[in-house]
Amino acid sequence: MPAAAIATTTDTTALPVPSKPASGLIRRRVLVVEDDRVTAELLRYVLTEEGWRVHVASTGSEALRVMRSVSPPALVLTDLLVPQVGGFELVRAVRATPGWADVPVVLLTAHWSRACESDALRAGADAAYAKPFDPDELLAAVRRLVEHGRG
Amino acid sequence: MADPASTALVAAGAAIRTAMAVGVVSLCVALLLLLVAAAVRCWRARTARRDERARRRWLPVFLAAVHGRGDPPGTMPARERTAAVEVWNHLMSTVSGDGGRRLRQCGQDLGLAGSSRRKLARGRSRARLGAVVALGHLGDRPSWDRLVVLLDDANSGIRIDAARALVRIDGTEAVGLLLPRFLDSERWYRSAAVSVLGEADPARVGPALDAGIAAAPPAGRRQLARILGGLRSPAALAGVRRLMTEAGDDHELLSACLDALAGCGEPADAAVVRPLLDHPAWFVRLKAVTAIGRLGGPEDLGPLNRLLSDREWWVRYRSAQAVSSIAGLGADELERLRLAHPDPFARDAVAQVLAESEGAAA
């Protein structure tokens with residue numbers, strides 16, 4: 001994935017473009033922070049299929065750059081172990097930045113434990129999911145957090 | 001009698017010819033090596049391009065399958081299979097639920113089970129590795145015996161992936177096969193054993209773990225306790241409790257069991273930990289304090305306060321952490337505790353924990 005890989009720059013030539021949003025939601029933007037190419041494409045695909053606009057960043061610092069240069073997304077979906085700025089640090093940065101505090105953050109991790117989940121929630125994440133994850137469950141959480149907000 | 005000058009000239013000529021021959025041979029060898037290097041480079045670039053094409057072709061097919069969209073996948077050309085199987089394996093490790101089931105069905109429809117069995121028998125190492133992982137994801141029971149053989153493969157990557165595949169095919173039976181092997185800590189690192197057992201469904205493998213522990217020789221129990229400690233799963237709890245009761249004077253086994261209890265124990269387990277707070281071996285006291293910090297309650301604050309003055313720094317430090325954790329003390333309360341304690345060593349331990357909590361808050 002190239003640097004500053006937001007939706008407009010992500011190579012999508014190999015992927016089927018969904019014909020229309022699957023839901024009645026107005027298309028809103030989700031920022032996916034994931035350095036693994038296959039997982040990033042999976043998240044981009046399932047979210048796009050459900051009518052979300054997706055920006056993909058491959059590092060935590062790139063995600064912060066995208067959030068500063070574009071407008072804050074409706075939701076941030078980040079892997080715990082992303083390069084440069086890790087998932088926990090990214091959550092704390094989002095929570096500490098004026099204007100971003102209400103942006104829901106969902107963490108994904110391959111190294112899930114109860115301690116990890118409680119650390120994620122303490123850092124300010126709104127939900128944490130273990131890999132492998134159920135895309136339907138993840139989509140439901142994204143929808144719920146964006147529609148009803150944090151808390 | 002030969003003229004010494006002409007003899008020297010002849011000798012010099014022979015030396016020059018030899019040197020030239022050596023030079024020509026060296027040049028030829030260097031050119032040959034260059035050619036081989038260039039050929040290997042070309043071959044690798046070609047393989048990389050072919051793999052990239054395969055990934056670009058099959059990733060959308062697999063993503064559509066996860067989402068329940070798209071046409072039936074058709075057939076997969078043999079030259080694309082290794083890279084495509086790697087992508088499929090990767091997605092299978094990332095997706096669960098209905099999406100995972102649909103992706104598995106897509107793999108079945110593409111005939112990955114049959115092709116993976118063939119690769120397992122006579123593929124190159126990369127293809128074999130992919131085949132082992134794929135057969136696990138497919139739950140391919142006919143490959144069971146072949147995968148069991150691979151548990152003793154010379155390649156540690158193949159061994160670990162074969163173990164993981166067996167756990168995916170039948171967790172209960174696999175645990176029975178794997179535990180005796182995991183006792184060999186030279187061949188199976190603890191982290192590898194923990195990661196393999198972590199794939200198993202905790203609800204189903206608990207009894208198999210317990211039976212494996214019962215059958216393990218006394219010498220292997222420390223290693224098993226360390227593995228169960230790393231697992232941090234409720235499935236390990238019954239086994240850990242059993243090992244704890246059998247530990248006796250084996251301080252290392254006690255220490256490993258306490259470590260495991262700290263990870264997967266329940267508050268009721270604090271009762272067996274409390275007597276060990278006064279154990280003569282400092283590393284057992286250390287693990288007991290850590291476990292009480294996770295499992296204990298307000299009734300443990302008295303003994304922990306006493307252990308703030310233990311003769312070992314690590315015990316004092318973990319006691320301060322445990323007091324802070326059980327009492328849910330904030331920075332101000334920790335500071336009050338530090339100032340009130342008569343022992344300067346205890347104050348030092350509390351100050352360390354206080355500095356860490358302030359550092360984390362900053």
Side-chain angles (χ1 to χ4, degrees), chain A residues 1 10-23 32 34-52 54 77 79 88-89 92 96 108-119 122-124 129-141, chain B residues 51-71 83-104 137 168 191 194-195 198-199 202 229-234 236 262-266 293-294 325 357 360-362:
Chain A
M1 188 67 60
T10 303
D11 180 6
T12 58
T13 51
L15 299 172
V17 178
S19 53
K20 58 177 183 177
S23 73
V32 170
E34 175 59 80
D35 60 326
D36 176 75
R37 185 181 146 191
V38 172
T39 309
E41 292 296 356
L42 169 71
L43 291 168
R44 195 193 69 78
Y45 185 88
V46 294
L47 287 161
T48 311
E49 278 279 308
E50 288 296 312
W52 300 94
V54 180
L77 177 56
D79 185 43
F88 285 151
E89 288 170 77
R92 289 192 196 101
L108 279 174
T109 175
H111 306 282
W112 188 90
S113 65
R114 290 213 179 282
C116 177
E117 187 182 23
S118 61
D119 286 349
R122 209 167 28 243
Y129 287 92
K131 290 179 188 173
F133 60 88
D134 181 344
D136 295 336
E137 204 181 312
L138 186 69
L139 283 170
Chain B
D51 288 351
E52 185 54 29
R53 272 198 304 274
R55 279 192 282 269
R56 290 171 76 87
R57 176 175 172 192
W58 288 99
L59 178 59
V61 174
F62 298 149
L63 292 178
V66 168
H67 214 71
R69 306 268 168 94
D71 302 323
V85 165
E86 284 170 353
V87 174
W88 185 83
N89 283 338
H90 194 121
L91 280 172
M92 282 299 296
S93 303
T94 311
V95 180
S96 64
D98 289 340
R101 278 187 283 278
R102 286 190 289 263
L103 187 59
R104 185 178 296 111
H137 284 308
R168 284 179 178 141
S191 57
V194 168
S195 119
E199 296 278 340
L231 205 49
R232 297 187 182 278
S233 157
C264 64
E266 295 169 351
R294 304 256 167 84
S325 149
S357 70

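Quick note on labels: first sequence line is chain A, next is B, and so on, each numbered from 1. Note that the coordinates shown come from a computational prediction; the quantities given were computed from them, not determined experimentally.
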Heavy-atom contact with chain A under 4.5 Å, split by part of B:V66: side chain

Nearest-0.5 Å distance, CG of residue B:L91 to CD of residue A:E41: 10.0 Å

Member of A:V38, A:L42, A:V46 meeting the side chain to side chain contact (heavy atoms under 4.5 Å, CB included) criterion with B:L63: A:L42

Side chain, backbone, both or neither of B:S93 within contact of chain A (heavy atoms, under 4.5 Å): backbone

Spacing of A:E50 atom CD and B:H67 atom NE2 [to the nearest 0.5 Å]: 4.5 Å

Ion pair check, B:E86 and A:R37, cut-off under 4.0 Å: no

Over all atoms of both residues, closest heavy-atom pair of A:P132 and B:S96: O-OG, 3.6 Å

